[in-house]
Number of protein chains: 2
Amino acid sequence: MLLTTSAEENYLKAIFKISEKEPGPVLTNALAAAMGTSAASATDMLKRLSDKQLVAYEKYRGVTLTPEGDRLATSLIRKHRLWEVFLVDKLGFAWDEVHDFAEQLEHVQGDNLTDRLDEYLNHPRFDPHGDPIPDAQGRWIRRPQVRLTTLTPGQKGIVTGVDDHTSPFLQYLDELGIALGVAIELLDRTAYDQSSKVRIAGKEYTLSEKASQNLFLRLE
Amino acid sequence: MLLTTSAEENYLKAIFKISEKEPGPVLTNALAAAMGTSAASATDMLKRLSDKQLVAYEKYRGVTLTPEGDRLATSLIRKHRLWEVFLVDKLGFAWDEVHDFAEQLEHVQGDNLTDRLDEYLNHPRFDPHGDPIPDAQGRWIRRPQVRLTTLTPGQKGIVTGVDDHTSPFLQYLDELGIALGVAIELLDRTAYDQSSKVRIAGKEYTLSEKASQNLFLRLE
DNA sequence: AAATATTTTTAGACTTGTCTAAAAATAAAT
DNA sequence: ATTTATTTTTAGACAAGTCTAAAAATATTT
Ligand SMILES: [Mn+2]
Ligand SMILES: [Mn+2]
Ligand SMILES: [Mn+2]
Ligand SMILES: [Mn+2]
């Protein structure tokens, strides 16, 4: 059992998340951008993570997670999302308030804490933003979901997640009455700016292309 | 609102706890011993804390908390003990398992987390070890309690706390059926080694002076 | 293929928090 | 009042994690 610092863990998570979106090795600049650090700092950290066998790193060629690095990153995401469920379901925080707490709580170390928390929360399978929570063995649930921008007028869907987790977007959704599980019907797409005319609970709204892009739906 | 590192917070807590036991300024060596660091490291940290106005530090003369330092230390103890209640009451950990988790959780920063946790736990006034939890305004509850070593044969008391929070002691108490709220009667004190003959739930046991010293009781 | 642009790494520096060893200040003992 | 012992501080070093600026490697254009 090797021990990792919070900084190392955050880099591992970032590598995992970039790998999810784009295939192939993660490049130094992409990692630095995701971490909000300089490319030089990312290079330093990649050497450290490579020494610890958590990543396979080749100079100038990018980095991938080793099985152990993947396991650790998955565990961090599990912890992050379980704590978010706790903060929303038990402490009554709104879905836009919990991310910064979870960023800290995911680094709490010690035997059994995660599994006890999971048990206490009744093994939730999705977090407050609709993201899947890997189980104790690191297994993921993948749901078929599409962006609102891919619907054709007349199609309906149920909100299953968001791609933008920032407060301004989540609060904007709150104002529109959009939450996980809410039904949305695409009425029309404006040719000029690709904005979406939608019906939510009987009322009509217009969502920008940017907002539509960040909404995931399960088709009805 | 100044921001503090975990290391700074741990030193503040240590200064607070030493001040509780012994009056007057806290000396460098005592602080270093409590923190498990060298005296040189303690001196370095005292300079940092002094720069941040969290302590009043005079070279060679020792250190005391400023009002702001006292407020911060109290808040840390509040957070530590509330998390311990959560871990025992909600997650089902034993009282000897929660300290290391709480040492990490007490450093989680952010608005309202502590008060929401306090609310969720129904404003507990004591932690799983019988220690008082300061309220949101930093007010303490002080209970009259005495060590088992101060009782005279024939006296009875209810266990209200422990002075040793380590696993070996707490697990030893578990084996004897000693927990918070349990009634203990002192039957006799052995002159030779000051051990205590006691009755707990009808059964008789012998407790060493060391163990007796670490048990707090409210007299019946 | 050579020149140019981009990406990545290296070099050197800074902060936090720690250490050991030596120096200085204070306290205790003769 | 000196000497001796103890406590505390300073000096110098190190690791983690960050930065900026310069050098090197790779990719793209011409
Ligand atoms: Mn989050
Ligand atoms: Mn989330
Ligand atoms: Mn504790
Ligand atoms: Mn406690």
Side-chain angles (χ1 to χ4, degrees), chain A residues 2-15 18-19 21-65 69 72-73 76 103-104 106-107 109, chain B residues 2-15 18-19 21-65 69 72-73 76 103-104 106-107 109:
Chain A
L2 88 177
L3 76 219
T4 46
T5 66
S6 292
E8 289 167 346
E9 293 181 345
N10 286 332
Y11 274 93
L12 286 177
K13 242 190 350 161
I15 295 167
I18 296 168
S19 295
K21 296 219 169 184
E22 289 173 60
V26 172
L27 303 180
T28 302
N29 263 358
L31 182 55
M35 291 301 297
T37 60
S38 69
S41 299
T43 300
D44 281 353
M45 182 55 85
L46 289 180
K47 285 179 192 162
R48 269 192 287 275
L49 293 175
S50 188
D51 288 345
K52 291 195 176 183
Q53 317 247 40
L54 295 169
V55 301
Y57 166 55
E58 281 189 82
K59 271 188 178 184
Y60 296 101
R61 300 269 150 232
V63 69
T64 55
L65 295 175
L72 223 161
L76 285 162
E103 278 301 315
Q104 301 174 66
E106 71 190 6
H107 302 293
Q109 313 241 4
Chain B
L2 86 176
L3 76 218
T4 46
T5 65
S6 292
E8 288 168 346
E9 292 181 346
N10 286 332
Y11 274 94
L12 285 176
K13 243 188 353 160
I15 295 167
I18 296 167
S19 296
K21 296 220 167 180
E22 289 174 59
V26 172
L27 303 180
T28 300
N29 263 359
L31 181 56
M35 291 300 299
T37 61
S38 69
S41 299
T43 301
D44 282 352
M45 182 56 85
L46 289 181
K47 286 178 190 162
R48 269 192 288 275
L49 293 174
S50 188
D51 288 344
K52 291 196 176 183
Q53 317 248 36
L54 294 170
V55 302
Y57 167 56
E58 281 188 82
K59 270 188 179 181
Y60 296 101
R61 300 268 152 232
V63 69
T64 55
L65 295 175
L72 223 161
L76 285 163
E103 278 300 316
Q104 301 174 66
E106 71 190 5
H107 302 293
Q109 313 242 2

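So that the names make sense, note that chain A is the first sequence line, chain B the second, and so on, each numbered from 1.
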**Q** Would you say A:L54 and A:T4 make side-chain contact, with heavy atoms under 4.5 Å?
**A** yes

**Q** Side chains of A:Y11 and A:T37, heavy atoms from C-beta outward: is any pair under 4.5 Å?
**A** yes

**Q** Between atom CG in B:L12 and atom P in C:dG17, what is the gap in whole Å?
**A** 11 Å

**Q** Round to the nearest Å and state the distance from B:L31 atom CG to D:dT9 atom P.
**A** 10 Å

**Q** Give every pair of a protein N or O atom and an N or O atom of nucleotides 16-18 of chain D that lie under 3.5 Å apart, one pair per line with the distance.
**A**
unit_1 : atom_1 : unit_2 : atom_2 : d
D:dG17 : OP1    : A:T5   : OG1    : 2.4
D:dG17 : OP2    : A:R48  : NE     : 3.2
D:dT18 : OP2    : A:Y11  : OH     : 3.4
D:dT18 : O4     : A:D44  : OD2    : 3.3

**Q** Can you find a side chain N or O atom of B:N29 that sits less than 4.0 Å from OP1 or OP2 on D:dT6?
**A** no

**Q** With a 4.5 Å limit on heavy-atom distance, are the side chains of B:M35 and B:I15 in contact?
**A** no

**Q** Quick one: are A:L31 and A:L46 in side-chain contact, heavy atoms under 4.5 Å?
**A** yes

**Q** Does any N or O in the side chain of A:K52 come within less than 3.5 Å of the main-chain N or O of A:G69, such that one atom is a donor and the other an acceptor?
**A** no

**Q** Using a 4.5 Å cut-off on heavy atoms from C-beta on, say whether the side chain of B:L49 contacts that of B:Y57.
**A** no

**Q** For A:L2, I'd like to know if atom CG has over 12 heavy atoms of other residues, nucleotides or ligands within 6.0 Å.
**A** yes

**Q** Which residues, if any, of residues 55-63 of chain A bring a heavy atom under 4.0 Å of DNA chain C?
**A** A:Y57, A:K59, A:Y60

**Q** Using OP1 and OP2 only, check whether a side-chain N or O of A:K47 sits under 4.0 Å from C:dT9.
**A** no

**Q** Name the nucleic acid region contacted by B:T28, choosing base, sugar-phosphate or nothing; use a 4.0 angstrom heavy-atom cut-off, strictly under.
**A** sugar-phosphate

**Q** Counting only heavy atoms not in B:Q109, do more than 12 fall under 6.0 Å of its CD?
**A** yes

